[in-house]
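Chain letters run A, B, ... following the sequence lines, proteins first, then strands; residues in each count from 1.
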Amino acid sequence: MTITTRFAPSPTGLLHIGGIRTALFSWLFARHHNGKFILRIEDTDRARSTDAAVQVILDGMAWLGLEYDAGPFYQTERAERYNEVIAQLLEAGHVYRCNCAKERVEQIRNAALSRGDKPRYDGHCRSLKVTDTNAVIRFKTPVHGQTIIDDQVQGKVIFENSELDDLIIARADGSPTYNLTVVVDDMDMAITDVIRGDDHLNNTPRQIHIFNALGANPPNYAHIPMILNPEGKKLSKRDGASGVLAYRDQGYLPAAVLNYLVRLGWSYGDQEIFSIADMIAAFDTKGINKSAASINPEKLLWLNRHYLKNAENKTLAKPLADLLQNLGINLNNGPDLIDLIDVQKHRTETLRDMAEQSVFFYNDFETYDEHAAKKHLRPVILTALQALQGALQQLQDWNNNNIKRAIEETAAQLEIKTGRLAQPLRVAVTGTSVSPSIDDTLRLLGQEKTLRRLHKGIALIELRCSS
RNA sequence: GCUCCCUUCGUCUAGCGGUCAAGGACGUUGCCCUCUCACGGCGAAAACACGAGUUCGAGUCUCGUAGGGAGCACCA
């Protein structure tokens, strides 16, 4: 049998990092077993589902490379099939119509609650022959016995059937509810392994009952723990739960996000770095932890730096270009992207940092960083900068070696350390005290821009001298 | 309230009864390297929630306590 997994988000909120991890685990499990991975959009809650949320799911998975072998399937398009199954269940007597007033059900719940019991429906209509087609349809949950889930992560979990009530599988308007659609879909799509958040663990016995009623075998289950924010609380918008695409916009690499997520709640000895191929080869539900994990932004950043450093320059060009353009930069006004990436990727944490720290290559700055200018653009360095200007002006070949030599020789002639000259130079041409190594900085900037800015810096110092 | 799940350094984790006076990684921190930021190199601090059992021996098994989490919808 082909191992088949699925990711089944409901588009009621933007897909966040927790959802992506669930998708990743399912995807990895399928890939590891040479199986199939299916994307299914559970949009039966029409009131809360949005197209925007669907788009984030599609775009997010595409961005991360979590490609699916079938789908996306939309549950709203499968209404006919659900009706068919409901009719079948009705026919077989596994379900019944119930026209209990909401108020009555509410009352029963409250009474149970105040009695210290679990709130549940009392099965009032179970033996009545309600024919009202505007009634909801409830499932006849077994009253006795136990339902045992042999969960791949949680181990054996035992539920007493008497704890469960007769759940509604179809609303008064005839539309199916979650537990029914999940079972029908998992059955029809021949899902062999369900990997999902452990918030669904409590739903599982109900779903198993429905599988049984349908004469189908339930899949294997693996309920993975949820992930928490750095404070150990439920993920909220502030924690990036606003959607996976936020990570792209913040300059994270898919490889880093995936590597970070795969190690969140799963481990393989002491290994930290996993390429996609590595994780596919190593992934197994055996390595999944049972406890919830908090996300740690610093570690994600560390991984991002790792993948940035090791990325092929050309793969970063497009995403960096997007980010630079977001900053309003005209790419024609500065260095070639590949050259830029080659020097910046070793010293930035994200592509966004890279973009922000590269602005000066493209746009002239209006003001200097105040502190840097005050510290480095001082009269003492004036003659050295003037001498350097002359040396740089004479360079025929604008390359790292020549630039470096010009700076070092000028410093040597004036008997000052290279650093004493390099920093003022850096401030003059970049406006700040931080940039790539000085020779790279000047080379990428180009001779013309360098000299123009250096000239401006010298003029500023001269102005200081005279005042 | 009831049912289910969880509990090793700040965080992610290794650990599957003795090799653990608990290992790795991020972060923090000391030193080195250095034209700035960063990288890199060498170090350091830092944890088995608590209490009973079982056992010659428990981070590892059992039970309880405490603390977290999830579910109990005509939401998914």
Side-chain angles (χ1 to χ4, degrees), chain A residues 8-13 42-45 47-49 75 98 102 105-106 109 112-121 135-138 149 151 153-155 157-160 163-165 167-175 177-179 181-182 197-205 223 225-226 228 230 232-234 260 263-273 287 289-303 305 309 344 346-349 353 357 372 376 404 407-408 411 417-427 430 432-439 441:
Chain A
S10 70
T12 51
E42 308 212 326
D43 55 354
T44 52
D45 184 356
R48 295 196 303 149
S49 297
Q75 291 191 322
C98 162
K102 281 184 187 175
V105 175
E106 193 57 33
R109 285 210 190 89
L113 223 40
S114 59
R115 223 184 308 123
D117 279 344
K118 193 186 253 193
R120 49 190 202 270
Y121 178 64
V136 301
I137 297 176
R138 287 182 184 274
I149 304 166
D151 195 274
V153 174
Q154 309 288 340
V157 183
I158 301 171
F159 289 89
E160 294 294 332
E163 290 292 333
L164 276 20
D165 66 356
L167 75 154
I168 291 174
I169 61 154
R171 305 182 181 96
D173 66 4
S175 63
T177 62
Y178 168 74
N179 282 299
T181 57
V182 169
D198 67 5
D199 49 332
H200 288 290
L201 186 59
N202 288 291
N203 284 321
T204 308
H223 286 93
M226 319 200 62
L228 276 19
K233 301 289 179 204
K234 204 191 289 188
Y260 179 69
R263 281 286 289 101
L264 199 57
W266 175 82
S267 60
Y268 190 69
D270 283 338
Q271 189 171 340
E272 296 287 351
I273 303 293
N289 260 335
K290 298 173 85 172
S291 53
S294 289
I295 55 172
N296 181 203
E298 278 79 32
K299 191 157 184 178
L300 207 209
L301 234 25
W302 172 73
L303 281 164
R305 219 157 46 199
K309 264 189 299 195
Q344 292 280 229
H346 299 284
R347 50 182 298 280
T348 50
E349 294 190 305
D353 284 347
Q357 292 182 34
H376 296 292
K404 199 169 180 187
I407 296 169
E408 282 169 355
K417 282 184 168 173
T418 309
R420 292 260 297 140
L421 182 56
Q423 259 324 72
L425 172 61
R426 172 174 280 118
V427 176
T430 70
T432 74
S433 56
V434 175
S435 85
S437 70
I438 197 67
D439 46 339
T441 299

State, with a plain yes or no, whether a side-chain heavy atom of [X] is found less than 4.5 Å away from one of [Y].
X       : Y       : value
D151(A) : L201(A) : yes
Y121(A) : L167(A) : no
D198(A) : M226(A) : yes

Nearest-angstrom distance, [atom1] atom, [N] to [M]:
N       : M       : atom1 : value
rG27(B) : rU11(B) : C1'   : 8 Å
rA46(B) : rU8(B)  : C1'   : 12 Å
rA25(B) : rA14(B) : P     : 15 Å
rA38(B) : rA44(B) : C1'   : 23 Å
rC48(B) : rG40(B) : P     : 31 Å
rA49(B) : rA58(B) : P     : 15 Å
rU29(B) : rA66(B) : P     : 39 Å
rC9(B)  : rG1(B)  : C1'   : 37 Å

Donor-acceptor pair under 3.5 Å: do we get one between [X]'s side chain and the base of [N]?
X       : N       : result
Q271(A) : rG24(B) : no
R426(A) : rC35(B) : yes
R347(A) : rC37(B) : yes
D199(A) : rA76(B) : no

Ranking G287(A) and K102(A) by the position along RNA chain B of their nearest nucleotide, the one closer to 5' is G287(A)
Judged by each residue's nearest nucleotide on RNA chain B, which is more toward the 5′ side, D270(A) or Y260(A)?
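Comparing both residues, the 5'-ward one is Y260(A).
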[X] side chain N/O closer than 4.0 Å to the phosphate oxygens (OP1, OP2) of [N]?
X       : N       : answer
N289(A) : rA14(B) : yes
K118(A) : rG71(B) : no
K234(A) : rA70(B) : yes
S437(A) : rC35(B) : no
R109(A) : rA73(B) : yes
K290(A) : rC5(B)  : no
S175(A) : rC74(B) : no
R420(A) : rC35(B) : no

Looking for any heavy atom pair under 4.0 Å, which part of the strands does [X] touch: base, sugar-phosphate only, or nothing?
X       : value
A172(A) : base
L201(A) : sugar-phosphate
I158(A) : sugar-phosphate
S267(A) : sugar-phosphate
G197(A) : nothing
R305(A) : sugar-phosphate

OG1-CZ distance between T348(A) and R305(A), expressed to the nearest 0.5 angstrom
9.5 Å
Just by distance, no angles: are the side chains of S435(A) and T441(A) close enough, under 3.5 Å, to form a donor-acceptor pair?
yes
Does a donor on one side chain and an acceptor on the other come within less than 3.5 Å for D173(A) and S175(A)?
yes
Report the nucleotide, chosen from [options], that has the shortest atom-to-atom distance to any side-chain atom of [X].
X       : options                   : result
E42(A)  : rA76(B), rC5(B), rG24(B)  : rA76(B)
K309(A) : rG40(B), rC74(B), rC26(B) : rG40(B)
K299(A) : rC39(B), rC26(B), rA76(B) : rC26(B)

Can you name the one residue among Q75(A), H200(A), E42(A) that meets side-chain hydrogen bond (donor to acceptor under 3.5 Å, both in side chains) with Y178(A)?
H200(A)
If [N] has a Watson-Crick or G-U wobble mate with both distances under 3.5 Å, name it; if not, just say none.
N       : value
rG64(B) : rC50(B)
rG1(B)  : rC72(B)
rA21(B) : none

